[in-house]
Amino acid sequence: MAKRDRLSGNEAIAIALRQINPDVFPAFPITPSTEIPQYFASFVANGQVDTEFIPVESEHSSMSAAIGASAAGARSLTATSSCGLAYMWEELYIAASNRLPLALALVNRALSGPININCDHSDSMGARDAGWIQIYAENNQEAYDNMVQAYRISEHKDVRLPVMICQDGFITSHAVENMELLEDGEVKEFVGEYEPENYLLNPECPMAVGPYSITDYYMEAKRNQAEGMKHVEKVVLEVAEEFAGISGRKYGLFEAYRMEDAEYAVVMIGSAAGTTKDAVDQLREQGEKVGLLKIRLYRPFPAEAVAKALTGVKAVAVMDRAEGYTNHGGPLGADVMSALYRARSQALAVNYIYGLGGRDVRVEDMEGVFDVLKQIAADGDAGETYRYLGIRE
Amino acid sequence: MATDITRLGVKATWKDLTEGMVIAGAGTSKEFNTGEWSTDKPVFTEEKCRQCLLCTPVCPDSCIPVKDGKRGGFDYDHCKGCGICVKACPFGAITMEGV
Amino acid sequence: MSYNFKETMSKPERLAPGHRMCAGCGGTIAVRNVLRGLHEGDKAVIGNATGCLEVSTFTYPYTAWEDSYIHNAFENAGATLSGVEGAYRVLKRKGKLDETYKFITFGGDGGTYDIGFQSLSGAMERNTDMVYVCYDNGAYMNTGIQRSSATPMYADTTTTPVGSASNGKPQNRKDLAAIIAAHDIPYVAQTTFIGNFKDLHVKSEKAIYTPGAAFLNIMAPCPRGWRYNTPDIMEICKLGVETCYWPLFEVVEGKWILNYEPKNKLPVEDFLKPQGRFKHLFKKGNEYLIEEFQREVDRRWEELKFRCSRG
């Protein structure tokens, strides 16, 4: 029985975590994710969870302790943003290579410098090759739903990889929206008990984790790790289907919005997809064949499915909320364009950098992008493929 | 449940490696022979030994087994021949010999 | 806790042979003997900062540890064991675990005094129920003998090499045991390898079985980095103590206790002389450097005695 409520994204994540009742939650505050451990600490203080909450002295330590707890046999997680994620960068790789299922509630924020507390995706994009599963949300409801699904994906025996549940700083983390919550019991039953195979606190068999690996093993170890990633798409879809059964809300690897006969498409991640949907709706009313592909699962990147969804599109704009400093675009642009190339797509593609450090994206901005796509298709030439949206020239 | 490390030689394929490179089990290093490193080895003369055990804590390689308060013979499969035990023995019961 | 050496040495070995530390390494002597502080039947999870000990005792697929073991990274052994200990608490609380576990982490002075200092300080301040053991060999030995904040003054290291314009490391070593004691944790002790290891064994048992955070600082000579005759390790440690360069003390619930006061305090040059890293101090004309070293040892020794006199 769903409960309707009005919640911020941070509050929604904290409630999901209360319902999950994880074992160990080490945390260090950083704007805009601070509220997640704050809310959670009050659940601990009021005896609403069994969790061991460890207020550590840095983000490096929060991820280190989460890794220790997970290896020990406990369901663990932490939350962070921006520089906090950058600080734990080394640990992200270690969590993934140890094949530890754990969760990170990430509230996306620009990386310094200059220091800025508002949303962009430079933090999680920097961590995209760390071996973590990355799942993004457009709104508070999706952030909550993704968090509820996180451990089912991360702990799946074919996967056993850490998962980053991402939402946009302030835009969803602090904005209050109407949403539906599952009952505590429904979440508990859905998530289930954590039953690790090998763990440090197993009295039947000790375990050693974190070896030195000579060259003879290192490359095989990485290939072995990659195998876990190969199963993620399948597991994400299975878990989403089961989740739909209890919530009525359907999720996939991405959301294809009015893409059926679209000739001009935008591909993007996160909250600005909501703005783009408004632009799509308005242009569709004018008879324009436009659509949106909103990426939910970014790591691993569902390249084949994305290319397939873009079949028949004449021109596509890939929107990156992070710079890549490649002189030809951002990370999502590179992924989508390589997916199109592998699929021998004839679509003309451009890559926009937008919304850095919380720069607002308006419906008119996105309508402008679709105008550009129409022109590109008419010209038969994408022109400069590396562009900025909403910059003062 | 314990990992069978005999399957994990340097020619093992990626499919054979343990997930997350964890080893379920303990003390598997005993399978690795460090005794061949040494150019000298300690020799234990049992008649001179008074079982004071002063040689046992100083060994960096856990190569002097103790059972019921008495030391046994050296573990030559692992002894690296550092010679610390020779100096620790007050009774001259340990001497070094070239290998 | 009455101490019995033979019983202590008859306990099952918890660090297996076959690890790849150098012949004569002080690090594993420290580890083996600390683990003898564990009561038989009690289980343990061992943490380890990156360093010689880690790369040599868990070289895939060979683990030298008879207990569960976790190495995470260089600078986070304190935080990592905090997470393990947190997991233990919650699994106990949920009735998922009956056995008693103890938590012991090992780091060299690089992982403890320097890069892991923040993580260690956090774990101590939170009074995590664990023992952090620093095996202090006074330099970054794993990467090839670079200076650390534990390196004594005038030591010749690869980043403070002796040269025509250098006498080795210009600065004094950090007094980490005192800094950790300032965290007001229940138990801090400094020790090394002396005689039948009673001092180390007793302190290890106390540290392991004191509820809350405990810290052990163990001088663990490195034959490679210190350049002494490898078999002489026990003599080197003894000289460290008899010259009062490395005093044996405890801080129990904030009270400072001196465990040993030499009847005849030896000049520090007796400790320095057998070590190649101090060879340049014994060149003619460099006597003043040894005098300076001696003054610092004396100053610290008097300071320690004063602290202990206040109880």
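First the proteins, then the strands, lettered A, B, ... as listed; each starts at 1.
Neither the backbone nor the side chain of A:Thr215 comes within contact range of chain B, judged by heavy atoms closer than 4.5 Å. Interface remark: B:Thr28 contributes no atoms to any contact with chain A (heavy atom separation under 4.5 Å).
Counting only distance, with no hydrogens or angles, the side chain of B:Asp61 and the backbone of B:Cys63 share no donor-acceptor pair below 3.5 Å. Side-chain atoms of A:Ser61 do not come within 3.5 Å of backbone N or O of A:Ser58 as any donor-acceptor pair.
Interface residues of residues 220-241 of chain A toward chain B, defined by a heavy-atom distance below 4.5 Å and sorted by number: A:Glu220, A:Ala221, A:Arg223, A:Asn224, A:Glu227. Interface with chain B: from residues 147-164 of chain A, residues A:Lys157, A:Arg160 qualify, criterion being any non-hydrogen pair under 4.5 Å. Among residues 74-104 of chain A, the residues having any heavy atom closer than 4.5 Å to a heavy atom of chain B are, in sequence order, A:Ser97, A:Asn98, A:Arg99.
Using a cutoff of 4.0 Å between basic side-chain nitrogens and carboxylate oxygens, A:Asp129 and A:Arg299 are scored as salt-bridged. One finds no salt bridge joining A:Asp145 and A:Arg296 here, because no Lys/Arg side-chain nitrogen approaches an Asp/Glu carboxylate oxygen to under 4.0 Å.
Options B:Thr18, B:Leu8, B:Thr13 differ in how many heavy-atom pairs under 4.5 Å they form with chain A, and the most are formed by B:Leu8.
The structure places CD1 of A:Ile165 at 10.0 Å from CG of A:Leu106, a figure rounded to the nearest 0.5 Å. Interatomic distance, B:Lys48 NZ to B:Phe91 CZ, rounded to the nearest 0.5 Å: 12.0 Å.
The aromatic ring centroids of A:Tyr136 and A:His121 lie less than 6.0 Å from each other.
Using the six-membered ring where Trp is involved, A:Phe243 and A:Phe190 have ring planes that are perpendicular, over 60° apart on the 30 and 60° scheme.
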**Prompt:** Can you check side chain to side chain contact (heavy atoms under 4.5 Å, CB included) on B:Cys79 and B:Trp37, steps first, answer last?
**Reply:** CA-CA 8 Å; B:Cys79 171; B:Trp37 294 8; over 6 Å; no
**Asked** B:Asp40 and B:Ser38: side-chain hydrogen bond (donor to acceptor under 3.5 Å, both in side chains), yes or no, with the steps?
**Response** CA-CA 5 Å; B:Asp40 298 291; B:Ser38 58; over 6 Å; no
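Cation-pi contact between B:Lys41 and B:Tyr76: present, with separation from the ring centre below 6.0 Å and deviation from the ring axis of at most 45°.
Within the structure, ring pair (Phe, Tyr, Trp, His ring centres under 6.0 Å) pairs that include any residue of residues 7-36 of chain B comprise B:Phe32-C:Tyr62 (at least two apart or interchain).
Residues B:Met21 and A:Ser213 have side chains in contact (heavy-atom distance under 4.5 Å, counting atoms from C-beta outward). Side-chain contact between A:Tyr298 and A:Asp335: present, with at least one pair of heavy atoms (C-beta onward) separated by less than 4.5 Å.
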